[in-house]
Amino acid sequence: MENKMNRKISLASRPAGVPTLDNFEIADAEMPQPQAGEILIRTLYLSVDPYMRGRMNDRKSYIPPFALNEVITGGVVGEVVESRADAFQPGDIVTGQLGWQLYSVAQAAAIRKVDPALAPVTTALGVLGMPGLTAYFGLLDIGQPVAGETVVVSGAAGAVGTLVCQIARIKGCRVVAIAGSDEKNRYLTNELGVDAVVNYKTSTDLNAALREACPGGVDVYFDNVGGDISDGVTVLIRHGARIVICGQISLYNLEEQDVGLRVQPYLLVNSALMRGFIVTDYAARSAEGIGQLGQWLAEGRVKYAENIVEGFENTPQAFLGLFSGENLGKQLVKVAD
Ligand code: NDP
């Protein structure tokens, strides 16, 4: 291993507004050496996720900001190349919160094995990983969909959204999907079986398009995006509706605070619930979520889509693509075979 070099991507500056490639630096780094109880992992796939944008601000949140000039951490699937922990052997495929780098060292307790015989290893970063759990617990625990109800999903063609749509269909709901391209909406309709779609980018009157897609009102709104789209859905809620605040991607790059609809009157007169959550709230139940998602996947009741960019150096570009809607399904970067 001694003659190998590591490479890492760090945050060179904090983005103002929409991030640019200049905010990132790609540089050679020292090869990390595992100590007792640690494992050296070669990155195969990296995950780029919208929540990382929040960590690029120097602001208090549920997770600390990324430090400048330090490797950006995120979900990785990799191969063990050297192990100084009994539970792992070279060749094992593992996943964990590692980093945008070619090689990482991790404590054995911080990573888990991925069984390549069960599903393609990339699913550990998607349907059988963080996005899958987000969709599963957000929709079922907070949204509590009941057969026959109307479930609206924004950001519907992304990693989380595609799964929320399908779980809502499994529960017997009428699903209305909102996404930013006709190609995505065709996929949602033809492959995932949603009942109605709205293209928020091409609708000349978004509120009217939402009203038309939800003639009976909205029972569950799974909100991945916030902003005007969510204002348009909120005014359509029915009595007893549940609004699940999963993400607010339309706001992540704003420099000024955005003020939209005042939602309280709509919650009040409809005895409705609005609740945010972070997937780690459900950490103690992750085996339940992965188990159910794995079963649906094996039964063919859930499908997943991936958008895979090739090459470590293209990681920042893949991340930026999340904000322009480049991805259908989970956005990943393939780093090595
Ligand atoms: P996605 O795979 O959905 O990728 C992001 C998508 O968001 C893009 O493809 C784009 O699709 C859409 N988008 C980007 N900008 C805007 C905008 N201004 N308005 C509307 N849509 C936009 O990401 P994930 O599935 O990983 O995450 C979805 C949401 O869930 C994010 O907000 C994320 O932060 C949140 N999240 C929350 C978690 C939690 O614990 N609460 C955990 C994981 C994710 P389009 O073409 O449709 O515009």
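The structure displayed is predicted, hence computed values, not measured ones. Whatever order the structure lists ligands and atoms in, that order sets their numbers, starting from 1.
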Residue pair Tyr221 / Ser154: nearest heavy atoms and the distance that separates them: OH-OG, 2.9 Å
Asp92 with Lys113: basic N within carboxylate O range, under 4.0 Å: yes
Ligand-protein N/O pairs under 3.5 Å (ligand 1):
| residue | atom | partner | partner atom | Å |
| --- | --- | --- | --- | --- |
| ligand 1 | 2 (O) | Ala159 | N | 2.8 |
| ligand 1 | 2 (O) | Asn327 | ND2 | 2.9 |
| ligand 1 | 4 (O) | Asn327 | ND2 | 3.2 |
| ligand 1 | 9 (O) | Lys184 | NZ | 3.4 |
| ligand 1 | 9 (O) | Asn327 | OD1 | 2.6 |
| ligand 1 | 11 (O) | Lys184 | NZ | 3.3 |
| ligand 1 | 21 (N) | Tyr200 | OH | 3.2 |
| ligand 1 | 25 (O) | Ala159 | N | 3.2 |
| ligand 1 | 25 (O) | Val160 | N | 2.8 |
| ligand 1 | 30 (O) | Asn224 | OD1 | 3.2 |
| ligand 1 | 32 (O) | Asn224 | O | 2.8 |
| ligand 1 | 32 (O) | Tyr252 | OH | 3.2 |
| ligand 1 | 34 (O) | Tyr252 | OH | 2.7 |
| ligand 1 | 40 (O) | Val279 | N | 2.7 |
| ligand 1 | 41 (N) | Cys246 | O | 2.9 |
| ligand 1 | 41 (N) | Phe277 | O | 2.9 |
| ligand 1 | 46 (O) | Lys184 | NZ | 2.5 |
| ligand 1 | 47 (O) | Gly180 | N | 2.8 |
| ligand 1 | 48 (O) | Tyr200 | OH | 2.5 |

Residue pairs passing the side-chain hydrogen bond (donor to acceptor under 3.5 Å, both in side chains) test where at least one lies in residues 62-80, sequence neighbours excluded: Arg42-Glu79, Arg55-Thr73
Side chains of Trp296 and Ile167 in contact at under 4.5 Å (non-hydrogen atoms): yes
SB check Lys171 Glu149 (cutoff 4.0 Å): no
Passing option when Val335 is tested against Val76, Leu44, Leu46 for side-chain contact (heavy atoms from CB on, under 4.5 Å): Leu46
